Q: 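I'd like to ask you about the structure that follows.
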Amino acid sequence: MSRLPQNYPLLLFKESRIILRLAIPVMAAQVGQNLMTFVDTIMVGHYSAQHLAAIAAGTMLFFPFQVFANGVLIALSAIVAQFYGSGERRAIGPYVRQGLYLSQLIAIPIVLLVQNLSPVLGWMGMEPG
C-alpha cells in the first residue's frame, strides 16, 4: 500500500483551487439555466395545470434537439482551447466563424421540425388546446 506524500494537504489545496477556478463558471451557468427553468415553471404554473402540462410537453420534445445541437457544437470549444493554449490565436477566428455557420445550418432544420411537432403531440394523446 502506497503512502501519501508528506505535503499532501498542500498539494490537495493547490489542486482544489485550480479545479474550482475552472469549475465555478460552469457551475454558475448550470445554476442559471436551472433557475431559468424554475422561474418559467413558477410563472406558467400560476395560469393553469393545462398550461404547465403544455410547457412540460414542449420542453420534453425540444430537449433532444437541443442536446444534439450542443453535442455537435461542443467540439468548437476544444478546438479554440487548443489554438489558444498553443498561442495560435489567429487560427481561432475561422473556426469560430465556421461554428457560427454550422450553428445556423443546424438551427434552421430544428426550428422547422419543432414548429411542426403537432402530429407527435396527437400521437401522445394530448388535446390540441
Side-chain angles (χ1 to χ4, degrees):
M1 187 172 196
S2 65
R3 292 185 43 90
L4 295 174
Q6 193 74 11
N7 61 346
Y8 180 73
L10 182 61
L11 289 173
L12 182 65
F13 179 73
K14 285 181 180 181
E15 290 295 322
S16 297
R17 283 185 47 203
I18 292 169
I19 290 172
L20 271 176
R21 196 169 357 148
L22 292 172
I24 286 175
V26 175
M27 292 178 352
Q30 288 295 317
V31 168
Q33 194 170 20
N34 286 327
L35 280 175
M36 193 167 51
T37 303
F38 177 72
V39 170
D40 289 347
T41 303
I42 288 173
M43 289 175 61
V44 172
H46 285 291
Y47 286 104
S48 71
Q50 186 178 12
H51 287 96
L52 191 56
I55 293 295
T59 301
M60 181 220 26
L61 290 172
F62 178 72
F63 188 69
F65 298 113
Q66 180 185 4
V67 170
F68 169 74
N70 285 343
V72 171
L73 295 172
I74 197 75
L76 181 62
S77 62
I79 293 168
V80 169
Q82 180 70 31
F83 283 126
Y84 186 83
S86 67
E88 299 177 44
R89 291 186 174 88
R90 289 187 180 265
I92 293 173
Y95 282 95
V96 171
R97 277 191 295 280
Q98 289 176 9
L100 290 171
Y101 297 144
L102 181 60
S103 70
Q104 296 307 302
L105 192 67
I106 292 171
I108 291 169
I110 287 176
V111 167
L112 293 174
L113 280 169
V114 169
Q115 284 182 339
N116 296 302
L117 284 177
S118 297
V120 175
L121 294 172
W123 297 330
M124 292 172 56
M126 298 198 86
E127 299 172 10

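Counting begins at 1 with the first residue of the sequence. These numbers were taken from a predicted model, which means no experiment stands behind them.
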Q: Which value, rounded to the nearest 0.5 Å, describes the distance between Ser16 atom OG and Leu11 atom CG?
A: 10.5 Å
Q: So, for Leu105 and Pro109, which heavy atoms are closest and what is the spacing to 0.1 Å?
A: O-CD, 2.9 Å
Q: May I ask you to check if Arg89 and Tyr84 form a cation-pi contact, with NZ or CZ under 6.0 angstrom from the six-membered ring centre and within 45° of the axis?
A: yes
Q: Out of curiosity, Leu10 CG to Glu15 CD, how far, rounded to the nearest 0.5 Å?
A: 10.5 Å
Q: About how many Å separate CD of Glu88 and CD of Gln82, when rounded to the nearest 0.5 Å?
A: 8.5 Å
Q: Kindly work out whether a path of hydrophobic side-chain contacts (I/L/V/M/F/W/Y, heavy atoms less than 4.5 Å apart) joins Phe65 to Trp123.
A: yes
Q: What's the separation between atom CE in Met27 and atom CG in Leu20, rounded to the nearest 0.5 Å?
A: 6.5 Å
Q: Should Val26 and Leu73 be regarded as members of a common hydrophobic cluster, given that ILVMFWY residues are connected when their side-chain heavy atoms come within less than 4.5 Å of each other, either directly or indirectly?
A: no
Q: State, to 0.1 Å, how close Phe83 and Ile92 come at their nearest heavy-atom pair, and which atoms those are.
A: CB-CG1, 3.7 Å
Q: Of all residues at least two apart in sequence or in a different chain, which pass the side chain to side chain contact (heavy atoms under 4.5 Å, CB included) check with Met60?
A: Met124
Q: Would Gln104 and Tyr101 satisfy side chain to side chain contact (heavy atoms under 4.5 Å, CB included), going step by step from the backbone distance to the final call?
A: CA-CA 5 Å; Gln104 296 307 302; Tyr101 297 144; 5.9 Å; no
Q: In Å, rounded to the nearest 0.5 Å, how long is the span from CZ of Phe13 to CD1 of Ile18?
A: 10.5 Å
Q: Can you list the residues that meet the side chain to side chain contact (heavy atoms under 4.5 Å, CB included) rule with Ala69, with sequence neighbours excluded?
A: Ile106, Ile110
Q: Answer yes if Val96 and Ile79 sit in the same cluster of Ile, Leu, Val, Met, Phe, Trp and Tyr residues linked by side chain heavy atoms under 4.5 Å apart, and no otherwise.
A: yes
Q: Which is it for Phe38 and Ile42 under the side chain to side chain contact (heavy atoms under 4.5 Å, CB included) test, yes or no, and what are the steps along the way?
A: CA-CA 6 Å; Phe38 177 72; Ile42 288 173; 3.2 Å; yes
Q: Does Leu102 share a hydrophobic cluster with Phe68, counting links as ILVMFWY side-chain heavy atoms below 4.5 Å and allowing steps through other members?
A: yes
Q: If Ile, Leu, Val, Met, Phe, Trp and Tyr residues are connected whenever their side-chain heavy atoms lie under 4.5 Å apart, and connections chain through other members, are Val72 and Leu113 in the same group?
A: yes
